[in-house]
Structure formats: C-alpha cells, structure tokens
Number of protein chains: 2
Amino acid sequence: MSHHLDKLIHLFTSILPISSKEVALIHQLSQVQSLQKRAQYSAYGSICKKIGFVSEGIFKVVRTNAQGQDFIPYFITEGHFAVDLESFTQQTFSEENIVTLTPCTVVTIDKKHFDLFENEVANFSKIISHLKEKALLEKHRLKSEMLIDDAVTRYQKLRLRHPAIIQQVSQNHIAQYLGISPYTLSRIRAHS
Amino acid sequence: MSHHLDKLIHLFTSILPISSKEVALIHQLSQVQSLQKRAQYSAYGSICKKIGFVSEGIFKVVRTNAQGQDFIPYFITEGHFAVDLESFTQQTFSEENIVTLTPCTVVTIDKKHFDLFENEVANFSKIISHLKEKALLEKHRLKSEMLIDDAVTRYQKLRLRHPAIIQQVSQNHIAQYLGISPYTLSRIRAHS
DNA sequence: CTGATTTTTTGCTAAAGCGCAAACTTTTCC
DNA sequence: GGAAAAGTTTGCGCTTTAGCAAAAAATCAG
C-alpha cells in the first residue's frame with residue numbers, strides 16, 4: 001500500500017472510520033499518478049470524470065474571462081482535491097483548466113468508482129459530505145475576503161496561511177490569483 | 001399550517017420525501033416571524049443559534065473590513081436561508097450582521113430543534129447535505145466571478161439572475177455588494 | 001399634500017493601478 | 001558551464017475609479 005494512498009485514507013478516517021476491507025477496495029480502485037510540472041490534469045470544455053487527491057505538489061486552477069484574460073481562482077495544495085467539482089458532480093462541461101505548477105503525485109479515482117464507494121463504503125457519503133461542508137465554509141470566507149480586502153491584505157493572508165505557495169509559485173501566478181498585474185504585486189512585495 | 005411553512009416543506013420534499021408525521025414535527029418546532037424593514041436578524045459578535053427560511057422579502061449580509069468599511073457579500077432572497085452558516089454549525093462568534101432590507105417573513109428554527117431534526121426526520125441530513133452542496137457550487141462560481149469579472153459584468157449578471165434585487169434594493173447596497181462606490185455604479189447604470 | 005429625509009446624479013480632483021518597455025535576475029536545459 | 005528562456009523589477013504615461021460637494025430626484029411620514 002502506497003504512502004500516498006495512506007494520506008488519503010488518513011484524511012477519510014480522521015472524519016469517520018473505514019473498515020480494512022473497505023480500505024482494500026479503495027486501494028484496488030484508485031491509482032497513484034506522478035505528473036511533471038505544467039501537466040494538464042483536467043481540461044476546459046471536457047466533462048470531469050475523475051477526482052485527484054493531491055499527495056505532493058501544487059496545482060493551479062485557471063479560468064478565462066470574456067476578455068480572454070487568465071485568472072487563478074485557487075491553488076490546490078497537498079491534502080486537497082484536484083477536481084472541477086461542478087463538472088464532476090453534475091457531469092457538465094468544465095469551465096476551468098487544472099494544471100500542475102510543480103511535479104505532483106495524485107491519487108486518482110474515476111467517477112464510476114467514486115460513485116461505487118458511496119454504496120460500498122459505509123461512511124463514505126458522510127465523509128464526503130463533511131469535506132464538502134468544510135469546503136463550503138472556506139469558499140464562503142474567501143469570497144467575502146475577495147470583496148472586503150484589498151490586494152495587499154489578501155496577499156498578506158495568503159502568505160500567512162500558505163507560505164508554501166508564496167515560496168514555490170511564480171509571482172505571475174500569484175498576481176493572477178490576487179487579480180492584480182504582476183507589476184503591482186512586485187511593488188507590493190517591495191514595500192513590505 | 002401556514003403558507004410560509006409550506007414553502008419550506010416544499011423545498012425539502014423537492015429533494016427527498018418527508019412523512020406527514022415528520023412534517024408535523026417540523027411545524028411544531030418552527031415559528032413564523034414577521035420582520036419590518038431594517039430589522040436585525042443575526043448579529044456580529046454573537047453565536048448564531050437559529051436558521052431562518054426566507055418566505056418573503058430580502059435580507060442583506062454585512063461584513064466590515066479592517067478599515068471600517070461595510071460590504072455586502074450577498075443578499076438573501078425568497079427561498080433561501082438567513083443564517084451565518086459558520087457560526088451556526090461551529091457555534092463560533094459571527095463576523096457578520098444579517099438585516100432585512102424589506103418587510104420579511106421567515107420560518108425560524110432554533111439550532112437545538114434543527115439538530116433534533118437530523119435524528120428524527122429520516123431524510124433531513126441528506127436534504128441539508130444536498131442544499132449545502134448546491135450552496136458550495138454557487139459560492140464557488142461567485143468567488144470565481146468576483147475574480148475574473150469586472151464590476152460592469154458582475155452588475156449585468158446580477159440584473160439577469162436577480163432582477164428582484166435590482167428593483168427593490170437601493171443602489172448604495174448594490175454598490176456595497178459589487179465592491180464599488182455608489183457614484184461609479186450610478187455611472188455604470190447611466191451608460192447601459 | 002407637503003416638507004423632510006433619503007437616494008441618485010454629476011462635475012471635479014486626486015490617487016491607485018494598469019500596461020508598455022527595457023533592464024536585470026534567476027532558472028532551465030543541453 | 002553557458003546560452004536561452006522565464007521571471008522580476010522599475011520608470012513613465014494613461015485610464016479608471018474613489019471621494020467630495022452640491023444639485024436633482026425620489027421616497028417617506030405626518
């Protein structure tokens with residue numbers, strides 16, 4: 001059993017227990033993947049048919065506005081899931097690209113297996129529901145902060161909460177996350 | 001049985017069925033309230049102990065940033081819930097005010113009764129989980145739009161999706177929602 | 001109905017940040 | 001190790017929008 005799958009199982013069992021039989025099933029129906037830098041994991045325009053638990057590395061999610069400018073609504077770091085949740089759950093066309101920013105290791109589960117787990121793994125639905133609630137609260141907070149905080153404040157909060165992103169991700173990408181030009185971000189960093 | 005409670009039950013049963021006995025329990029342990037304009041429903045600094053299904057009217061959620069400026073992360077309209085979800089689920093201090101913008105009718109359920117429903121109403125947890133997932137997807141979309149769309153685009157989307165808000169809410173409030181000054185919003189409206 | 005209050009509009013000035021260009025630094029890769 | 005590519009910094013002019021003030025319009029309340 002891989003160290004990467006262990007991390008995923010640990011995340012699940014930190015919420016509710018899973019039997020060893022169920023763990024074996026999850027192991028059997030998931031695959032550990034290594035991805036190099038700049039690899040596309042999920043594509044704009046496609047229907048998302050897999051979910052990836054990030055064991056190592058950092059991904060970016062990229063969306064393009066009507067004027068053709070790229071933005072990064074969020075980064076996906078270790079211990080989180082690389083997936084377009086809307087496309088995955090509703091099987092609609094994805095409106096975002098998911099791309100690695102560093103070499104990454106992910107535990108990938110196909111949607112058909114994921115759906116199977118909902119039936120075969122006793123606590124799976126509750127675990128997923130718990131994770132979704134956590135995601136909802138975080139998304140809620142980040143949306144509010146997007147409105148009430150200026151770019152400097154949001155940069156400082158990002159630095160406090162996710163130093164790994166500041167260290168490993170280029171300024172260009174962080175600017176795309178903050179919604180400012182890389183020039184402005186360079187000046188913000190110079191004056192703090 | 002009030003017409004307002006009917007709306008709430010209808011929302012629930014559109015997701016999964018509820019027995020008439022369970023409906024009676026919900027009826028017994030909830031209260032219909034009328035609120036006049038500018039009434040505070042949930043307060044900054046308190047612990048949220050109730051959730052309100054909005055049957056009529058519009059609420060604003062208000063957050064204040066470090067510089068003391070007020071913003072409106074979202075409006076709550078008919079068919080949605082007036083609640084600080086983070087404070088309600090985690091019983092932490094609320095960081096937002098929830099205030100009526102019009103006369104409102106809400107079906108209020110105390111947290112202790114809400115928690116009781118999770119045990120006593122067979123499908124309640126699944127229904128709430130379904131609603132939270134919907135909320136997550138919407139929050140996700142709105143957060144992305146906050147980043148990728150400029151104020152003009154976000155105003156146009158708000159007008160398309162929620163004409164009732166445009167009609168009934170003052171421009172000042174809409175400006176606080178968009179994150180721009182009321183002067184700029186006035187000029188945006190003039191040129192479209 | 002009418003005066004008072006609130007909301008919206010508009011002109012003006014100042015500040016913030018964008019976008020371009022060019023220099024400089026760091027990283028990548030053969 | 002060194003050339004090429006990628007990323008970062010900085011100056012400068014320009015656009016956008018905030019913020020103030022005051023007028024105009026709409027709404028509210030007795």
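Within every chain, numbering begins at 1; the chains are lettered A, B, ... in the order of the sequence lines, protein sequences first and strands thereafter.
- Remark: P of C:dA16 and NE2 of A:H191 are 12 Å apart, rounded to the nearest angstrom.
- With respect to the salt-bridge test (charged N to carboxylate O, under 4.0 angstrom), the residues B:E95 and A:R141 do not qualify.
- Look at B:T184 and you'll find a side-chain N or O under 4.0 angstrom from OP1 or OP2 of D:dA18.
- B:T64 OG1 to B:N97 CG: the interatomic distance, rounded to the nearest 0.5 Å, is 7.0 Å.
- Remark: A:E86 does not engage B:K134 in a salt bridge, criterion side-chain N to carboxylate O under 4.0 Å.
- If you find the closest nucleotide of DNA chain C to B:A190 and to B:R38, the one lying nearer the 5' end belongs to B:R38.
- Salt-bridge check for B:E145 with B:K139: failed, with every basic side-chain N at 4.0 Å or more from each acidic carboxylate O.
- In this structure, CD of A:Q36 is placed 13 Å from P of C:dT28, rounded to the nearest angstrom.
- Less than 4.0 Å separates DNA chain C from at least one heavy atom of each of the following residues of residues 164-175 of chain B: B:S170, B:Q171, B:N172.
- In this structure, the CZ atom of A:R154 is 12 Å from the P atom of C:dG17, given to the nearest Å.
- Of the charged side-chain nitrogens involved, at least one lies within less than 4.0 Å of a carboxylate oxygen, so that B:K111 and B:D115 count as a salt-bridged pair.
- Between A:D110 and A:K49 there is no salt bridge, since no side-chain nitrogen of the basic residue lies less than 4.0 Å from a carboxylate oxygen of the acidic one.
- Between B:R63 and B:D70 there is no salt bridge, since none of the side-chain N atoms of the basic residue sits less than 4.0 Å from a carboxylate O of the acidic one.
- With hydrogens and angles ignored, the 3.5 Å screen pairs no side-chain donor or acceptor of A:H173 with any backbone N or O of A:Q171.
- Residues A:F59 and A:Y41 bring their aromatic ring centres within 6.0 Å.
- Counting non-hydrogen atoms under 4.0 angstrom, B:I180 reaches the backbone sugars and phosphates but no base.
- In this structure, CG of B:L101 is placed 16 Å from C1' of D:dT27, rounded to the nearest angstrom.
- Here C:dA23 presents its C1' atom at 13 Å from OH of A:Y183, a figure rounded to the nearest Å.
- Within residues 57-76 of chain B, no residue places a heavy atom under 4.0 Å from DNA chain C.
- Residue A:R187 is classed as a base contact, given a heavy-atom separation below 4.0 Å to a base.
- If you take CD1 of B:I188 and C1' of C:dT8, they are 14 Å apart, rounded to a whole angstrom.
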